[in-house]
Amino acid sequence: MTVLADSTSSSPLHFAQYFLDHSSEDLRLLWSHTWLSVVPVVIGLLIALPLGWTARRYRWTYPPIISITGLLYTIPSIALFVMVPPLLGLDTLDPLQVPIALTVYSVALLVRVVADGLASVPEDTVQAATALGFRPVERFFKVELPIAVPVIAAGLRVAVVSNVSIVAVAGTIGLSNLGQLFTQGFQLSTPDAYYPPIVLGIVLCVLLAVVLDLAVVGLNRLLTPWRRAVPS
Amino acid sequence: MIADVVTWLTDSSHWTDTKFDTGIWTQLLAHLKFVGIALAIALLIALPLGLFIGHTRRWGWLVAGANALRALPTVGVLVLLTVIISPHFQGRTDTGFLIPTEIVLVLLAVPPILSNTYAGVQNVEPGIRDAAFGMGMTGPQVLLRVEFPISLPLIFSGVRSATLQLIATATVASYLPLGGLGRFIYDGLAQQDYPQMIGGGVLVAALALLTDLVLATIQRYVVSRGITRRFSSKQAVPDSRIAAVHETDGAHA
């Protein structure tokens, strides 16, 4: 208590001072929060690309793939967190349970996005590429995938921003990330409210969500230079 | 472990209240109460507002503003509001925890309903709207008899996505000393009673899936067949959830 609550004031505006007082601890939480928000989305995208391609290439696979991933996305995050270890034979509270659950969500969200993104590629473009001599694999990576980037990027923004919030939920079942600041603040708030860690946690979460969102937007711009060349 | 979870779930003493423990049925009702209250309030706010914004094309910034709320970490806002509000309620009531929970749940449910209602009304084909006006309908008539029924599929997908987020977040509310199915998850964690914790997770997941199924069934009967083009079984009906991700970007909590 005395160590954690050594800021002179408990005013909500004192979160900056609180951050300076505990910067190494807070930065560690922020860092692990960032990793947990980003890595599952990247892995999820790598898994979603072949699945989305399959759903697009073999149309009959689209309904079952989309239904199953839609069903997975329906399961509340905290339920998925606690259900992952027994289903995969891991130890209860295995450190991998949250990244795995988040990857499942990312795949569930992104498969649809990838399939729809590939569907947004004009048929004429695909035929032109084929006529120019692109082989199917080459055509996928050099023509279809780049054109689908804006749609996929829109899905990635949703995935990354919602991940930041879900990771904070994982903090309530004991994982070390920004969610722990809320637990700390809650425990320090008896009998009197002690705001700094709670406000700091919210501020850092929002900042992280905004930064990651902007990063995806920037990546999208970098990968689609032709969209800036032609004003639409 | 899976066998232990099945044992926990099938033990009838866990379903009814005992002298020491609250049973699954009671917690399920508490969970549904949290979700029901929040959904009702969110619908009262978001539905008229979305219809108004979509119809008049004014105040569009409200939708963008509501969407920005989604970047807020739900748990953080819940704890913050609890710390602010709960000291004002002394004694043996849980009102001090119930009010912040419902505020967070409403904040969470408004954006998907609002943005889907708005998008639904705004995306009605201009030709249809012009035809309605041309037939002599007044503004409110066009809104309620033409634009509203046509945008129902999108509105429903917003309501479904909001409901799922409510069920998920009402679970996190058990992080506070409140009831609900999340009680089993957090109590199981604290007591290292893992079958109870995982059983709670299974119950929450089952509730979410069942609720979505019920809402999908309601949607099937409420939305006009002229809009879903569900005339024969051969024609493919687009899954409403397909619209959901584009329009609502579900932020799971």
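Sequence lines set the chain letters: A, B, ... in the order given, protein chains first and strands last, and positions in each chain run from 1. What's counted below: heavy atoms across the whole structure, side chains too, no hydrogens, waters or symmetry copies.
Inter-residue side-chain proximity for A:Val39 and A:Pro99 is flagged as unmet; no heavy-atom pair is nearer than 4.5 Å. A heavy-atom distance below 4.5 Å is found between the side chains of B:Pro195 and B:Asp193.
Exactly one residue among A:Ile202, A:Leu204, A:Asp26 makes a side chain to side chain contact (heavy atoms under 4.5 Å, CB included) with A:Leu178. That residue is A:Leu204.
The part of B:Ile185 that comes within reach of chain A is its side chain, from C-beta onward, which places non-hydrogen atoms under 4.5 angstrom from that chain. Proximity to chain A involves both the backbone and the side chain of B:Ile84, based on heavy atoms less than 4.5 angstrom apart. Residue B:Leu209 touches chain A through both its backbone and its side chain, counting heavy-atom pairs closer than 4.5 Å. Contact of B:Thr82 with chain A is made through the side chain alone, with heavy-atom distances under 4.5 Å. At a 4.5 Å heavy-atom cutoff, the contact between A:Ala79 and chain B is made by backbone and side-chain atoms alike.
When B:Thr171, B:Ile167, B:Val202 are compared by the number of non-hydrogen pairs under 4.5 Å with chain A, B:Val202 comes out ahead. Here B:Val83 is the residue among B:Ile2, B:Val204, B:Leu72, B:Val83 with the most heavy-atom pairs under 4.5 Å with chain A. Counting heavy-atom pairs closer than 4.5 Å to chain B, the top-ranked of the candidates A:Asn163, A:Leu87, A:Val167, A:Thr183 is A:Thr183. Among A:Val206, A:Val210, A:Leu80, A:Val199, the residue making the largest number of heavy-atom pairs under 4.5 Å with chain B is A:Val206. In terms of heavy-atom pairs under 4.5 angstrom with chain B, the leader among A:Val164, A:Thr172, A:Ile198 is A:Thr172.
Judged by distance alone, the side chain of B:Gln27 and the main-chain N or O of B:Gly180 form a donor-acceptor pair under 3.5 Å.
Within a 6.0 Å sphere centred on CD of B:Gln191, heavy atoms belonging to other residues, nucleotides or ligands number more than 12. Atom CH2 of A:Trp31 sits in a sparse spot, with 12 or fewer heavy atoms from other residues, nucleotides or ligands closer than 6.0 Å.
Summarising the geometry, atom CG belonging to A:Leu30 is positioned 9.5 Å from atom CG belonging to A:Leu181; distances are rounded to the nearest 0.5 Å.
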